[in-house]
Amino acid sequence: MTAPGDGGTFDYIIIGAGSAGSILANRLSASGKHQVLVLEAGGNDNWIWFHIPVGYLFAIGNPRSDWCLRTTKQPGLNGRDIAYPRGKAIGGSSSINAMLYLRGQAADYEGWRQLGLAGWGWDDVLPLFKGHENHFGGANAFHGAGGPLHVSKARAQWEILDAFRNAAVGEGIPKVDDFNTGDNLGSSYFQVTQKNGLRCSAAKAFLKPALNRQNLALVTHAQVQRLVLEGRRVTGVVYRKDGAQVLARAKGEVLLAAGAVMSPQILELSGIGRGDVLSRLGIPVVNELPGVGENLQDHLQLRPMFKVEGVKTLNEMDQSLIQKAWMALEFALFRRGPLTMPPSQVGAFARSSADFATPNVEFHVQPLSLDRFGEPLHKFPAFTASVCNLRPTSRGTIHAVAPDPMTPPAIDPNYLSTDADRQVAVDSLRLVRRIVEAAPLKRYKPREFLPGAHLTTDDELVRGAGDCGTTIFHPVGTAKMGIDSDPMAVTDARLKVRGMENLRVIDASVMPLIVSGNTNAPSMMIGEKGAAMVLEDAR
C-alpha cells in the first residue's frame with residue numbers, strides 16, 4: 001500500500017465544517033497563535049440554492065448538496081426506509097436546513113446539568129447563544145447583537161397560517177413572540193438564520209470570514225479515512241483527496257465535528273467503539289467504548305395534510321408562471337416573499353396531553369404540501385400541520401457496516417418503538433384534528449388526506465403515524481457525554497473521548513438527551529463551548 005502523502009502539521013485538526021466545525025475553525029484560529037486545518041467531505045457552497053432560502057426544495061435529495069443517506073427499514077414506519085438528508089458542503093446541514101432558530105427549553109439544559117454534566121445548565125449556555133448572535137430585536141436578556149449569526153424575522157406571512165394560530169388558541173396554545181426565552185409554549189412565526197433575505201449558514205457566519213487568516217487551512221472533498229493513533233494518543237488524520245491518501249499531523253488535538261451520523265463512523269473505523277461492531281468490521285479494538293453509535297435520538301415528524309378552499313397556498317402559486325415570475329421579482333427587488341421562506345413558517349409548542357409539565361410536541365406548519373422534500377408540490381391548495389414528539393423515548397443506532405469509509409453507515413432510528421412514543425403520536429394527531437376543526441380554520445373547508453380522516457382508533461392512528469412519519473433532520477446523541485459511572489458515555493463534560501488523548505467530539509453527537517426544539521442552534525452552541533474548552537486547556 002502506498003504511504004499517504006504529506007498533508008502538513010497543525011495544532012488542531014477539525015473534521016467537518018458544519019454547524020459546530022465552522023465555529024471551531026473561527027474561534028481556534030482567531031488569535032493567530034494556532035495552525036488550524038479543517039477537513040470537509042463536501043464541497044464549497046458555490047451554488048445559488050445554498051443561499052436563496054427556498055432552495056431547500058432543490059437541495060434536499062440532490063446529490064450535489066445532500067449525501068442522500070437512507071435509514072434501515074423501520075418497523076414503526078410500517079416497514080418503510082426513509083431519506084436521511086445531511087448537508088454536503090461547508091456549513092454542513094446548516095446549508096440546506098430549515099434555517100429555524102430555536103434553542104429548546106431551559107429544562108433541557110438543566111436536565112443535562114442534573115445528569116452530572118457541570119457547565120451545561122441553562123445559565124451556562126445562554127451566554128454562548130447570545131454571544132454569537134445578531135438578533136433583529138437587538139440585545140436583551142435573551143438575545144445578543146453584533147455577532148456573526150444573523151437571526152431575522154420571517155419575511156412572508158400567510159392567511160392560512162394566521163388562521164392556524166388563531167385556532168390553536170382554543171387548545172391552550174397562546175400566541176407568543178419568541179420561542180427562545182427558555183419556555184417555548186405557544187405559537188409564532190419562526191425566527192430564521194437569514195441576513196437580508198438570504199440564508200445565513202454556519203459557513204457564511206463563521207467559516208468564510210476566517211478563511212483569509214494565514215493560520216487557517218480548509219480542504220474540501222476530503223474524505224476522512226481514519227484517525228492516526230500511537231497507542232491511545234491521536235496524532236493525526238488520514239484522508240482521501242482526489243484519489244490519493246494524505247496524512248495530516250496534529251501537535252495538539254483532533255476535533256471530531258462530523259455530526260451525529262459520521263462522527264461515530266469515524267471513531268469506529270479508527271478502532272474506537274463497541275467490540276462486537278469492530279469485530280464484524282475486522283478492525284482491531286483500540287478502545288472499547290460501548291456507547292459509540294448508540295443512543296441515537298431524532299424528532300420524528302408526523303405530516304398531516306389538509307386540502308383547503310378559498311385561501312392562497314404555495315401549491316397553486318407554484319403551478320402559475322405568472323406567480324413564479326412575481327415571486328422571483330419580489331425576491332430580487334425586495335428580498336421578501338415566498339422565495340425567502342423556510343420550509344415551515346409558523347411553529348407551535350404544546351403538550352400532547354396533561355401528562356407533560358412542559359411542551360412535548362412541536363408543530364411546523366406550512367402553506368404547502370408535497371409527498372416528500374425534493375419532490376414537486378401537490379397541484380391542489382393544501383397545507384401541512386407537521387407535529388413531532390420533542391422528547392422521544394425510542395433509541396436507535398448508527399454503526400459502520402464496512403471498513404471502507406465511503407460506505408454509508410447503517411442508520412436505524414428505531415422510530416415509534418416504545419409505548420410512550422406511540423401514545424404521543426396518537427395524541428398529537430388528535431390534537432391536530434381539534435385545531436383544524438376549530439372555527440378559525442373551518443371556513444376554508446379543510447379535508448384531511450394524510451394520514452386520512454377515516455383513521456379513528458388508537459391502532460389505526462399508530463399505523464397512520466407510521467405512514468406519514470419522517471425525520472425532521474435532528475439526529476443527536478451517538479457519542480453522548482456523561483459522567484465516569486455511565487458505561488455508555490463516549491465523552492466527558494469537556495467533550496474529551498474517554499480513554500483517549502488529544503481527541504474530542506464537538507457536535508450534536510454529544511447531546512445526552514435531545515433538546516425540545518430544532519437542533520441547529522444548540523449544535524452551534526456546542527461548537528462555541530467546545531472551542532472555549534479547547535483554548536482553556538491549551539493555556
Side-chain angles (χ1 to χ4, degrees), residues 15-16 41 67 69-76 81-82 84 86 223-234 237-240 254-298 392 394-415 417-418 471 475-482 484-492 495-514:
I15 300 174
W67 288 102
L69 304 175
R70 298 195 70 83
T71 68
T72 60
K73 292 185 182 302
Q74 297 292 292
D81 64 310
I82 59 171
Y84 219 67
R86 296 282 89 195
Q223 184 73 45
V224 169
Q225 309 288 287
R226 57 183 171 84
L227 305 174
V228 179
L229 308 176
E230 293 180 3
R232 291 191 175 188
R233 183 171 182 267
V234 180
V237 175
V238 172
Y239 64 93
R240 183 172 292 277
V254 173
L255 310 171
L256 253 179
V261 174
M262 296 312 300
S263 283
Q265 169 152 306
I266 292 169
L267 289 172
E268 290 176 339
L269 296 185
S270 305
I272 304 166
R274 282 179 43 175
D276 59 333
V277 171
L278 301 182
S279 177
R280 287 197 299 270
L281 297 173
I283 295 174
V285 177
V286 174
N287 182 15
E288 180 150 5
L289 284 178
V292 172
E294 301 290 311
N295 193 48
L296 172 63
Q297 298 156 65
D298 188 16
S394 298
R395 296 292 183 267
T397 60
I398 295 180
H399 288 299
V401 295
D404 177 6
M406 296 304 294
T407 301
I411 303 168
D412 180 9
N414 203 24
Y415 294 124
S417 60
T418 66
T471 179
V476 308
T478 49
K480 75 166 188 171
M481 55 179 164
D484 290 343
S485 60
D486 183 351
M488 299 302 287
V490 176
T491 77
D492 61 18
L495 308 184
K496 294 181 178 180
V497 176
R498 295 187 173 280
M500 304 298 297
E501 294 181 56
N502 300 340
L503 178 63
R504 300 191 207 222
V505 179
I506 306 178
D507 59 27
S509 305
V510 304
M511 293 188 196
L513 295 168
I514 196 166

- Item | Distance-only side-chain donor-acceptor flag, Gln265 / Ser263, under 3.5 Å | no

Quick check: closest heavy atoms across [X] and [Y], and the distance to 0.1 Å?
X      : Y      : value
Thr478 : Pro264 : OG1-CG, 3.6 Å
Val490 : Gly291 : CG2-C, 3.5 Å
Leu269 : Ala400 : CD2-CB, 4.1 Å
Val401 : Pro408 : CG2-O, 3.5 Å
Ser509 : Gly259 : OG-O, 3.3 Å
Pro75  : Lys73  : CD-O, 3.5 Å

Working to the nearest 0.5 Å, report the span between [atom1] of [X] and [atom2] of [Y].
X      : Y      : atom1 : atom2 : result
Thr71  : Tyr415 : OG1   : OH    : 7.0 Å
Met262 : Asp507 : CE    : CG    : 11.5 Å
Asp492 : Asp484 : CG    : CG    : 7.5 Å
Leu296 : Ile514 : CG    : CD1   : 8.5 Å
Asn287 : Leu229 : CG    : CG    : 9.5 Å
Leu255 : Ile15  : CG    : CD1   : 8.5 Å

Flag, side chain of [X] to backbone of [Y], donor-acceptor distance under 3.5 Å:
X      : Y      : result
Ser394 : Ser417 : yes
Glu288 : Gly275 : yes
Arg232 : Val286 : yes
Arg274 : Gly293 : no
Gln74  : Asn414 : yes
Arg498 : Leu289 : no

Beyond-backbone contact of [X] with [Y], side-chain heavy atoms, under 4.5 angstrom:
X      : Y      : result
Met488 : Pro290 : yes
Ser270 : Arg226 : yes
Val261 : Pro409 : yes
Glu501 : Lys496 : no
Gln297 : Asn295 : yes
Leu503 : Val254 : yes
Pro475 : Arg86  : yes

- Step-by-step side chain to side chain contact (heavy atoms under 4.5 Å, CB included) determination, Ile283 to Glu268: CA-CA 8 Å; Ile283 295 174; Glu268 290 176 339; 5.9 Å; no

